[in-house]
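Naming: A, B, ... by sequence-line order, numbering from 1 per chain.
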Amino acid sequence: MRVYDALMDLYGPQGWWPLGPSVRYHRGEYRQPATPQAVFEVYVGAILTQNSTWSGACQAMTRLWALKAMTPRGILALADEVLQEAVRPARYLRQKAGYLRDVSSFYLHLKGRVPSRDELLAVRGIGKETADSILLYAHHVPVFVVDAYTRRILVALGRIGGDEEYDMIRSMFEKELPGDEIVYNEYHALLVEHARRYYSRKPYGAGDPLIRKFRTRRVARKDAE
DNA sequence: AGCCAGGCTACCG
DNA sequence: CGGTAGCATGGC
């Protein structure tokens, strides 16, 4: 929580998920109208932004919107070629076009129900980070989202060695934090904001003002024996 | 010019 | 199991 507070002092509330073309997110609005449209856009954005930029994902979503395909049925109705062309700015166009189809039919089968983490993980194209992002940002389930940036920051602060399992890192946070959706929402977003500034280029953490304040001596290296 | 994105799956040993 | 090559890009 001390690191969280420091990040909040630095950057202020982030108000994630950034969302797509249909819904304009306003700072501080965490309980936006959870329309099926907005919920589905989180699914789509979560796939499109994988190992990619938000700018690219957003361009792809704008193309889908223009094709009136920002819905599960709309996506399933597109020809492969058209869907892939829409996805292009988000990289991996064949892969992600396929993922979007699988996610779309999965979403239809839900019929508005909130899926479990395991159900999400069974969908091709949804791994752990994507599943947790969907649970948190689409369905308001309090889970902590771990990503590559989270790892880098924790390594720099001496809290992990770096090769820990995803779920181990997630439970580190969930044990320390109050089970508050808004804290999980903001914390992940703040870590991304912070990492974009200090952890996107090697050497990771150079110039990070938090290191002085929060770095622990004890580094949990696995190969320390 | 080069480096880097908020991963995931399939396939290898 | 753990490790990693490969995935049809665009922006700073």
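Checked against the 6.0 Å centroid threshold, A:Y199 and A:Y149 do not count as a close aromatic pair.
Once rounded to the nearest 0.5 Å, the distance linking CD of A:Q50 with OH of A:Y92 reads 9.5 Å.
Between A:I169 atom CD1 and B:dG7 atom P the separation is 12 Å, expressed in whole Å. A straight line from CD of A:E193 to P of B:dG6 spans 11 Å, rounded to a whole angstrom. For the pair A:L120 CG and B:dG7 C1', the computed distance is 15 Å after rounding to whole Å. The CZ atom of A:R91 sits 11 Å away from the C1' atom of B:dC3 (whole-angstrom rounding). B:dG6 atom C1' lies 16 Å from atom CG of A:L135, rounded to whole Å.
Stem list for DNA chain B (at least 3 consecutive Watson-Crick or G-U pairs, distances under 3.5 Å): B:2-5 with C:9-12, B:7-13 with C:1-7.
Rounded to the nearest Å, the gap between the C1' atom of C:dC7 and that of B:dC4 is 16 Å. Using C1' as the reference atom, C:dG11 and B:dA1 are 13 Å apart when rounded to the nearest Å. Atom name P, nucleotides B:dC8 and C:dG10: the rounded distance is 22 Å, in whole Å.
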Would you list the protein and nucleotides 9-13 of chain B atom pairs, both N or O, that sit under 3.5 Å from each other?
unit_1	atom_1	unit_2	atom_2	d
B:dT9	OP1	A:V123	O	3.4
B:dT9	OP1	A:G125	N	3.1

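A nucleotide of DNA chain C counts as in contact with chain A when one of its atoms lies under 4.0 Å from a heavy atom; the first and last such, 5' to 3', are C:dG6 to C:dG11.
For A:V141, the side chain to side chain contact (heavy atoms under 4.5 Å, CB included) partners two or more places apart in sequence, or in a different chain, are A:V114, A:L135, A:H139, A:V143. For A:R151, the side chain to side chain donor-acceptor pair (under 3.5 Å) criterion is met by no residue, not counting sequence neighbours. For the salt bridge (charged side-chain N to carboxylate O under 4.0 Å, His left out) test, residues two or more places apart in sequence or in another chain that qualify with A:D102 are A:R124.
Look at A:R170 and A:D167 and you find a salt bridge, because one of the NZ, NE, NH1 or NH2 atoms lies within 4.0 Å of a carboxylate O, short of that distance. With salt bridges taken as basic N to acidic carboxylate O contacts below 4.0 Å, one links A:E119 and A:R113.
With centroids closer than 5.5 Å and planes inclined by less than 30 degrees as the test, A:W16 and the base of B:dG6 pass as a stacked pair.
Within the 4.0 Å cut-off from OP1 or OP2 of B:dA5, at least one side-chain nitrogen or oxygen of A:R152 is found.
The aromatic rings of A:W17 and A:Y137 sit tilted, their planes meeting at an angle between 30° and 60°. The aromatic rings of A:Y43 and A:F40 sit parallel, their planes meeting at an angle under 30°, below the 60° perpendicular limit. The aromatic rings of A:H188 and A:F144 sit perpendicular to each other, their planes meeting at more than 60°, with 30° as the lower class boundary.
Looking at which nucleotide of DNA chain C each of A:T53 and A:Y92 is closest to, the 5′-most match is held by A:Y92. Comparing A:S52 and A:T130, the nucleotide of DNA chain B nearest to each residue sits closer to the 5' end for A:S52.
Judged by distance alone with a 3.5 Å cut-off, a donor-acceptor contact links the side chain of A:N51 to the base of B:dG7.
Residue-level contact check: A:K96 touches neither bases nor backbone, having no heavy atom under 4.0 Å from any strand. Contact annotation for A:Q59: backbone-only contact, meaning every heavy-atom pair under 4.0 Å involves sugar-phosphate atoms and none involves a base.
Listed nucleotides: B:dC3, B:dG6, B:dC8. Nearest to the side chain of A:Q50: B:dC8.
In this structure, A:A46 and A:T130 approach most closely via the heavy-atom pair CB-CG2, 3.8 Å. The nearest pair of heavy atoms linking A:L190 to A:G12 is CD2-O, 3.4 Å.
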